[in-house]
Amino acid sequence: MIVSNPLMRAALLALAACACADDDVAAYFATLPRTIPHCASPARPARGALGVCVYVDPSGGLVHARDLGTVAGSGKQMLMDMLLRGTFADLAASGRLPRRWLSFCMVYTASGPSRRERFPTLGFGKREPATQPGLLVPNPFFVAPKWWAEYAAKAAKAAAARPFDGRDDRVLFRGACGPGAKARLELLSLRGLDGEIDAGFTAVDGYETLQKCVDDLAARHGVVPAAGASRRVAPLPMANYSTYKYLLHMPGAATGSYSRNLQYLFSHGAVVLVWRHAAIEWYYRHLVDGVHYVAVDAASLPATLAALRRDAAKRAALVAGARAFFDAHLAAPRLVDRWAATLGALGDRQEGGPPAFDAAAACTCEPRLAEAYARCAKCEITTKRGNTIAKFVGLVPKKRAAVKILGHVEAALKLLESNDAATAAGTRKLLIKALRNLEREPANDKFRSLRTTNKTIDAKVVKVRGGVPLLQCAGFRAEGEFLVAKGDAAAVGAAAKAVADALEAGDGSYKVRAVLAHGACVRGVALGADGVAATGALDNVVRLWDLRGNLTRELRGHEKPRMSDGGVLAVGLVDGGPALSGARDGALMAFCRDGSAANRYVGHGEPLANEPKLTNAQIISSVCYDRASGLVLTGGWDRTVISWDIVGDAPAKRFGPFGAAVNGIAVVPGAAGPTCCAAAGDGTLACFDPSKPPAAATLWVNATATKGTPLRGCCVAGGFVGTVSNDGLARLWDPEDGALVRGAKANADGYLFAVCGTADALFAGGDDGFVTKFAAPSLAVLLRVPQPAAVWSLAARGCDLLVGLDDHVGALLWTADPAEALDGHVAESILASCHAAATAVAGLGPSPALEGAAAKAASADAAQGGDVSMGGEAPPPPNPNFDFSFPVELAGRPGLQINWNRGDDADSVAIAFCDDNGIPRNQLGDVVVFVQNAMGSVEGGGAAAAPPPSQLSDAQKADMVNQVVNMGVDVEQAYAALEKTNYASVELALSTIFGS
């Protein structure tokens with residue numbers, strides 16, 4: 001059959017090549033022994049070549065024989081770790097991962113393997129393929145199958161939006177200058193192609209300066225550099241490569257071997273040109289010159305380019321051929337297929353049993369293997385996602401604005417950071433405002449000078465370390481009692497912008513990154529290491545999102561309890577694993593991220609020894625996943641914490657009972673292993689060792705410092721245990737003995753519902769509608785982030801802060817990275833909705849930390865909540881949507897209105913009113929009593945007033961008191977809660993105490 005259509009011919013060639021894409025794998029394994037030995041560690045497969053044994057356990061766990069963290073190649077090792085773990089997950093999901101020990105040697109040098117071994121030796125490229133041994137696999141700059149698929153899709157989408165005929169007609173090349181960059185210098189030294197090539201060096205590798213690199217290459221290879229060959233050009237984001245018609249691939253800069261850049265070029269809808277060279281990668285043998293690309297060199301490039309410009313059909317065929325090749329050989333599934341073929345062949349023949357290697361020298365980035373092996377020094381690389389990893393691998397240029405002054409800015413910022421946190425924050429805020437004004441109007445003399453005798457300037461700039469140096473970086477110079485910005489308007493504006501950008505990038509202020517819309521209160525949030533956000537809401541649904549606010553999955557499986565409302569109260573994300581959620585139905589759900597399956601774990605609410613089964617004791621109020629240890633824990637109203645094995649079949653371990661319902665759990669790392677802290681609704685904080693039998697696990701209990709003040713959450717912040725409570729205080733506790741270290745007020749008044757921590761900060765939020773960021777462990781207030789509603793849940797990771805909010809608002813993702821912030825009317829609308837909280841924040845002064853005993857709860861009945869009263873003598877005309885409406889005044893909040901229809905249940909009306917108006921559930925009892933009285937006061941009302949306590953027998957009351965006491969509440973508190981709810985139900989009484 002003769003195929004004349006060039007597009008069809010390209011597709012057929014790619015398809016044919018795909019059918020035998022991995023036949024070289026079988027050929028390579030035919031050179032190895034019949035029974036393949038495990039990789040011998042340490043392995044150096046070549047003269048100084050960097051090779052490291054990689055071990056894969058039967059569950060797909062990855063171990064490196066040695067850590068390259070302090071030598072060249074460490075970045076590649078971590079990228080390969082990401083690629084392999086992502087690939088193994090896909091292989092496991094498709095049943096293609098051999099469930100046995102495997103091992104091979106991975107060579108991380110660009111030149112590739114150079115010595116034959118009895119065990120598999122794998123590399124990314126070969127500089128001299130005719131003589132080099134080893135098998136080639138995808139290089140680590142594919143990052144991971146999922147990431148690569150997303151990146152390629154974005155590149156293809158951008159290319160489709162840029163018609164070929166409207167693109168830049170020049171040939172594009174960008175790359176570094178290094179010892180192996182002979183071909184690159186030849187390109188830049190071509191004569192007669194002025195205006196036809198957009199090429200240049202963007203960086204230098206292996207030399208002190210770009211000029212020295214060019215001079216050395218010219219001397220060694222006899223190349224006469226063209227004028228400007230040593231002039232550095234600006235890097236171009238890979239996303240903008242599709243603005244060019246022709247993309248040129250060159251050999252690598254380090255050794256002249258493979259260059260990873262080629263894998264990116266086939267998805268940009270351009271004609272791909274490849275400089276002739278001997279080096280190869282695994283997919284090169286399927287490339288067909290004239291179909292997928294065009295081979296060129298210094299002699300042929302001018303004529304080839306001229307011919308392509310004359311032949312539109314040829315250009316179209318090459319563009320189609322490049323795309324077909326990508327789909328057949330470079331798409332994410334093909335990377336997985338390559339590894340499937342390699343591991344499948346190895347699994348059939350490698351010797352059985354675990355390999356013998358030095359576990360003390362090995363390292364891993366797998367959290368579940370952390371107890372057996374050391375953590376690799378640069379595992380942090382494997383947590384990068386999205387645009388961050390794109391910057392790391394060089395696809396997105398790092399910002400280089402105002403290069404000349406940024407080194408001085410960095411030094412000045414370090415000086416500023418040497419001040420106390422509050423002083424530094426005040427100076428940042430003032431300088432940013434002044435410099436942004438100057439950036440907007442650089443010719444305005446008003447903004448070009450600052451009087452140093454002004455009290456504010458003197459206190460916040462002149463007398464603060466780093467204040468004046470930062471202004472000097474922006475071009476300000478002293479003239480008498482003034483600091484004056486010198487220079488022309490353009491230069492002054494650019495310098496002001498550069499310093500303001502640097503200040504904002506480090507000031508920690510948060511801007512809206514994404515809106516995660518819900519129709520119900522978001523009680524649980526989590527941020528995963530893989531760029532996924534999770535939310536759990538009172539509509540019983542768990543939702544997964546990307547960090548741009550796109551809903552990727554709704555996960556359903558929780559049920560509505562028979563005697564209470566449903567709702568998800570806590571969520572977690574296991575690295576590379578399931579989404580976790582705990583809810584009022586008493587179930588811990590472990591959902592597959594794609595929603596294909598879920599495991600359901602139950603155990604909370606089961607009667608404790610010698611105790612009756614309690615109403616609603618099954619409610620799970622907290623979920624904790626610890627990355628380092630792999631622990632999965634839940635805390636519930638049954639006063640216990642359960643440790644679950646969601647990977648294997650080990651039985652769950654139930655710790656407790658603790659003082660009352662467990663509202664928060666934190667895992668504290670330690671040299672002897674992790675310990676767990678549980679924060680309870682009676683103000684008790686307890687610590688236990690999860691590795692011990694529950695009966696012998698308790699390490700310490702602090703039942704006095706906050707007795708009677710419900711602790712609402714627990715975290716680790718700055719190496720301490722952090723909690724928040726109903727008295728509005730955030731507190732830090734010593735994880736060794738439970739001593740109260742210090743506390744600080746987060747707001748003027750009101751309750752704190754949510755807390756989370758990082759290595760240097762603690763975040764707290766509550767019904768005042770803003771998040772307070774404290775420095776940890778000092779608890780100095782760094783900043784407050786106003787929100788549009790009450791804050792119910794928090795999670796922080798890197799620059800991101802995820803806030804779960806009250807009904808009809810959902811969740812907001814905030815970022816301290818200006819580059820990731822949302823622009824436009826959506827962000828403006830969110831900020832406008834935060835006006836009330838912002839006004840409240842503006843009126844707050846400093847909040848000094850309370851040391852030691854000064855941070856104890858004021859009294860046993862602290863923060864019990866306010867009263868609810870009718871706001872008028874007679875009911876107003878009914879709301880058109882309801883049978884009855886009453887004005888309500890609650891704790892100084894006039895203008896509220898409660899509505900119901902005939903036949904409505906008082907409890908349900910009260911719950912809806914609280915949820916609709918952001919009223920804490922610990923005031924629910926007051927609201928119920930009010931609703932019952934209001935219903936009874938209306939002629940023909942839909943519900944009779946609640947029976948007075950006198951209609952209950954003493955035995956009935958005693959039974960209700962015992963049920964509350966059995967939840968860990970003292971007798972007096974139980975009586976008070978039941979009296980407050982008019983003995984309506986045990987659940988309502990508990991809600992006034994615990995607030996769940």
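Basis for what follows: all heavy atoms, side chains included, without hydrogens, waters or symmetry-related copies.
For His558, the ring-ring contact (aromatic ring centres under 6.0 Å, His included) criterion is met by no residue, not counting sequence neighbours. Every residue was checked against the salt bridge (Lys or Arg N to Asp or Glu O under 4.0 Å) condition with Glu380, not counting sequence neighbours, and none meets it. Considering only residues two or more places apart in sequence or on other chains, Asp689 meets the salt bridge (Lys or Arg N to Asp or Glu O under 4.0 Å) condition with none of them.
Checked for salt-bridge contact, Asp638 and Arg654 meet the test: a charged N lies under 4.0 Å from a carboxylate O. Note on Arg548 versus Glu820: salt bridge recorded, some NZ/NE/NH1/NH2 to OD/OE distance being below 4.0 Å. Electrostatic pairing of Arg385 and Glu150 does not count as a salt bridge here, judged by no charged N lying under 4.0 Å from a carboxylate O. A salt bridge links Arg593 with Asp530: the closest approach of a Lys/Arg side-chain nitrogen to an acidic carboxylate oxygen falls below 4.0 angstrom. Using a 4.0 Å cut-off between a side-chain N of Lys or Arg and a carboxylate O of Asp or Glu, Arg523 and Asp539 do not qualify as a salt bridge. The pair Arg513-Asp800 counts as a salt bridge, with a side-chain nitrogen and a carboxylate oxygen less than 4.0 angstrom apart.
Contact of the Val515 side chain with the Val826 side chain is registered, since non-hydrogen atoms from C-beta on lie closer than 4.5 Å. Here the side chains of Leu544 and Leu555 are in contact, with some heavy-atom distance below 4.5 Å. Val721 places a side-chain heavy atom less than 4.5 Å from the side chain of Pro735. Met589 has its side chain within reach of Ser581: a pair of non-hydrogen atoms, C-beta onward, lies under 4.5 Å apart. Side-chain contact between Leu527 and Leu813: present, with at least one pair of heavy atoms (C-beta onward) separated by less than 4.5 Å. Counting only heavy atoms from C-beta outward, the side chains of Cys521 and Trp792 approach each other to under 4.5 Å. The shortest distance between side-chain heavy atoms of Ile381 and Cys376 does not fall below 4.5 Å. Considering only heavy atoms from C-beta on, Trp545 comes within 4.5 Å of Thr535 through its side chain.
Of all the heavy atoms in Gly635 and Ile665, the pair that sits closest is N-CD1, 3.2 Å. Contact between Val568 and Ala583 at its shortest, heavy atoms only, is CA-CB, 3.8 Å. Between Val755 and Gly713, the shortest heavy-atom distance links the atoms CG1-C, 3.5 Å.
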Working for side chain to side chain contact (heavy atoms under 4.5 Å, CB included), residues Leu633 and Val667:
CA-CA 9 Å; Leu633 305 162; Val667 177; 3.7 Å; yes
Go through the steps to decide whether Leu62 and Asp81 satisfy the test side chain to side chain contact (heavy atoms under 4.5 Å, CB included), and finish with yes or no.
CA-CA 8 Å; Leu62 190 64; Asp81 186 277; 3.3 Å; yes
Step by step, work out the disulfide bond (SG atoms under 2.5 Å apart) result for Cys365 and Cys379.
CA-CA 6 Å; Cys365 293; Cys379 282; 2.0 Å; yes
Run Arg553 and Phe591 through side chain to side chain contact (heavy atoms under 4.5 Å, CB included) and show every step you take.
CA-CA 11 Å; Arg553 190 72 58 185; Phe591 294 97; over 6 Å; no
Phe658 and Thr684: CA distance, side-chain angles, deciding distance, side chain to side chain contact (heavy atoms under 4.5 Å, CB included) verdict
CA-CA 8 Å; Phe658 300 99; Thr684 298; 5.7 Å; no
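Here SG of Cys676 is found 4.5 Å from CZ of Phe688. Values are rounded to the nearest 0.5 Å. Here Asp57 contributes atom CG and Arg99 contributes atom CZ; the two are 9.5 Å apart, rounded to the nearest 0.5 Å. A distance of 4.5 Å separates CZ in Phe88 from CG in Leu84, rounded to the nearest 0.5 Å. To the nearest 0.5 angstrom, Leu762 atom CG is 9.5 Å from Thr772 atom OG1. Here CZ of Arg584 is found 5.0 Å from CG of Leu569. Values are rounded to the nearest 0.5 Å. We find the NZ-OG1 distance between Lys384 and Thr382 to be 10.0 Å, quoted to the nearest 0.5 Å.
Of the N and O atoms on the side chains of Ser59 and Arg368, at least one donor lies less than 3.5 Å from an acceptor on the other residue. The closest side-chain donor-acceptor pair between Arg731 and Ser725 falls under 3.5 angstrom. Checking Trp637 against Ser621 by side-chain atom types alone, no donor-acceptor pair falls below 3.5 Å. For the residue pair Asp626 and Ser629, a side-chain donor N or O sits within less than 3.5 Å of a side-chain acceptor on the partner. Between the side chains of Arg712 and Asn726, at least one donor-acceptor pair of N or O atoms lies under 3.5 Å. If you check the side chains of Trp814 and Gln787, you find a donor sitting under 3.5 Å from an acceptor.
Using cut-offs of 30° and 60° on the angle between ring planes, the pair Trp644 and Tyr601 is tilted.
Distance alone, capped at 3.5 Å, is enough to place a donor-acceptor pair between the His518 side chain and the Leu516 backbone. Within the 3.5 Å criterion, the main-chain N or O of Ala93 finds no donor-acceptor partner in the side chain of Asp90. Under the 3.5 Å distance criterion, the side-chain polar atoms of Thr364 are matched with a main-chain donor or acceptor of Glu366. The main-chain N or O of Leu685 is never found under 3.5 Å from a side-chain atom of Asn702 such that the two would form a donor-acceptor pair.
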